[in-house]
2 protein chains.
Amino acid sequence: MNAPIVNPALTKNQTLVFDVLEKSEGPMSAYTILDKLRDHGFRAPLQVYRALDKLTEFGMVHRLESLNAFVACAHREHECCGGAHGHGHGTVAFAICESCNQVLEFHDHKVDHNLGDWAKSKGFKPSKTTIEIRGLCEKCAA
Amino acid sequence: MNAPIVNPALTKNQTLVFDVLEKSEGPMSAYTILDKLRDHGFRAPLQVYRALDKLTEFGMVHRLESLNAFVACAHREHECCGGAHGHGHGTVAFAICESCNQVLEFHDHKVDHNLGDWAKSKGFKPSKTTIEIRGLCEKCAA
DNA sequence: TGCCACACGTTATAGCATAACGCAATTGAT
DNA sequence: ATCAATTGCGTTATGCTATAACGTGTGGCA
Ligand SMILES: [Zn+2]
Ligand SMILES: [Zn+2]
Ligand SMILES: [Zn+2]
Ligand SMILES: [Zn+2]
């Protein structure tokens with residue numbers, strides 16, 4: 001539950017990568033981002049990965065482990081307990097539609113606490129928790 | 001929450017791959033498994049991946065999304081509500097020690113229900129749920 | 001017998017991620 | 001101002017993960 005960085009000054013590459021992700025409808029792979037940015041001078045995967053690393057560190061981008069892809073953070077500021085930008089509240093979860101690729105980002109205190117209780121009972125010290133639900137969104141399941 | 005296959009007859013390749021995984025201390029990548037099986041005639045990744053696909057389908061092996069690696073299922077038969085071999089109880093979760101690579105497999109009804117409730121409230125139909133906690137196990141955190 | 005499903009083997013290719021080098025810009029003491 | 005440390009950047013090369021596409025062989029079954 002590391003404290004997120006608030007409003008960091010982004011470099012040019014970080015801004016470009018973030019803008020691409022934010023405008024995207026769904027998650028994007030690093031290589032797809034790279035292709036979108038070739039016109040802006042991007043030539044190599046590392047340019048994308050380095051920006052993604054920082055954006056993830058800032059809490060502005062999340063990596064979807066089950067897709068090897070990335071999304072812009074969908075939290076509104078002050079949306080809830082966490083305050084400000086970022087995830088002060090704890091673990092974030094994702095519901096990923098396998099039909100339309102839409103991603104719903106959410107957090108659930110009860111899940112968070114239940115997993116925390118389990119960890120405590122086992123003496124396990126969590127650093128990062130991944131929760132990803134694959135399935136069909138309401139629209140696609142109909 | 002698909003019903004697991006019980007006691008399927010394994011092919012030679014599936015048996016070899018499963019045995020390697022079961023004897024391993026921690027998760028293994030497909031390519032590491034391949035290297036372990038070269039002496040048994042394995043030559044190509046597909047031989048491993050095909051076996052892993054089936055073993056996963058049988059519920060005997062789990063894929064760790066955050067590691068791109070695989071582990072043998074650690075559930076004892078009849079351990080709990082699920083009965084028999086497999087995961088009749090629902091979602092499985094993993095705690096992965098980033099120091100010693102030990103993996104603890106567990107399930108948590110409350111978490112399961114929490115996520116189920118969320119899905120129901122959003123009309124989302126889950127097919128597979130990934131829960132992976134990275135951190136330090138009790139021994140390594142000390 | 002003919003057909004089908006499935007496992008298997010092989011080669012090639014696609015997709016994801018990082019190592020290692022050198023350079024330039026920034027920062028922050030001294 | 002100057003030096004050192006840090007950070008970002010660009011490039012090349014490489015490594016790791018996964019699948020496509022083809023053909024073969026085998027066992028069950030109408
Ligand atoms: Zn977020
Ligand atoms: Zn959908
Ligand atoms: Zn299991
Ligand atoms: Zn450990």
Completion exercise
Of B:Phe42 and B:Pro45, the one whose closest nucleotide on DNA chain C sits nearer the 5' end is B:Phe42
Flag for [Y]-[X]: side-chain donor and acceptor within less than 3.5 Å:
X        : Y        : answer
A:Thr130 : B:Glu132 : no
A:Ser127 : B:Glu98  : yes
B:Thr56  : B:Arg63  : no

Atom-to-atom span, [atom1] of [X] to [atom2] of [N] - whole angstrom:
X       : N      : atom1 : atom2 : value
A:Asp53 : D:dT7  : CG    : C1'   : 14 Å
B:Asn13 : C:dC6  : CG    : C1'   : 13 Å
B:Leu34 : D:dG15 : CG    : C1'   : 15 Å
A:Asn68 : C:dA14 : CG    : P     : 18 Å
A:Leu52 : D:dC9  : CG    : P     : 12 Å
A:Leu64 : C:dC16 : CG    : P     : 13 Å
B:Glu65 : D:dA18 : CD    : P     : 9 Å
A:Tyr49 : D:dC9  : OH    : P     : 17 Å

Problem - N/O (side chain, A:Gln47) to phosphate O (OP1/OP2, D:dG10) under 4.0 Å - result: yes
Exercise for the section: Compare side-chain N and O positions of B:Arg63 against OP1 and OP2 of D:dT17 and report whether any pair is under 4.0 Å apart. Expected result: no
Measure from the side chain of [X], starting at C-beta and using heavy atoms only, and say which of [options] lies closest.
X       : options                : result
A:Arg43 : D:dT11, C:dC8, C:dT10  : D:dT11
B:Ser29 : C:dC8, D:dA21, D:dT17  : D:dT17
A:Leu46 : D:dA18, C:dG9, C:dA19  : C:dA19
A:Arg50 : C:dT10, D:dT19, C:dA20 : C:dA20

Practice task
Could you say whether A:Lys12 or B:Leu67 is positioned toward the 5' end of DNA chain D, judged by the nucleotide with the nearest heavy atom to each?
Solution key: A:Lys12
Exercise for the section: Using the side-chain hydrogen bond (donor to acceptor under 3.5 Å, both in side chains) rule, take B:Arg134 and A:Thr129 through it: C-alpha gap first, then chi angles, then the decisive distance, then the call. Expected result: CA-CA 6 Å; B:Arg134 307 283 293 267; A:Thr129 299; over 6 Å; no
Problem - Cationic N near anionic O, under 4.0 Å, B:Glu138 to A:Lys120 - result: no
Exercise for the section: Assess the pair B:Phe94 and B:His62: is the distance between their ring centroids shorter than 6.0 Å? Expected result: yes
Exercise for the section: Could you please spell out the steps behind the side chain to side chain contact (heavy atoms under 4.5 Å, CB included) verdict for A:His107 and A:Asp112? Expected result: CA-CA 8 Å; A:His107 65 94; A:Asp112 216 358; over 6 Å; no
Practice task
Would you mind classifying the nucleic acid contact of A:Ala44 as base, sugar-phosphate or nothing, using non-hydrogen atoms under 4.0 angstrom?
Solution key: base
Practice task
Check the geometry between A:Tyr31 and C:dC16 and answer yes if their rings are stacked (centres below 5.5 Å, planes below 30°), otherwise no.
Solution key: yes
Handout entry: Terminal axes of the helix from C:dT1-D:dA30 to C:dT30-D:dA1 (five pairs each): angle between them, nearest 10 degrees
Key = 30°
Handout entry: Any B:Val48 side-chain heavy atom under 4.5 Å of B:Tyr31 side chain
Key = no
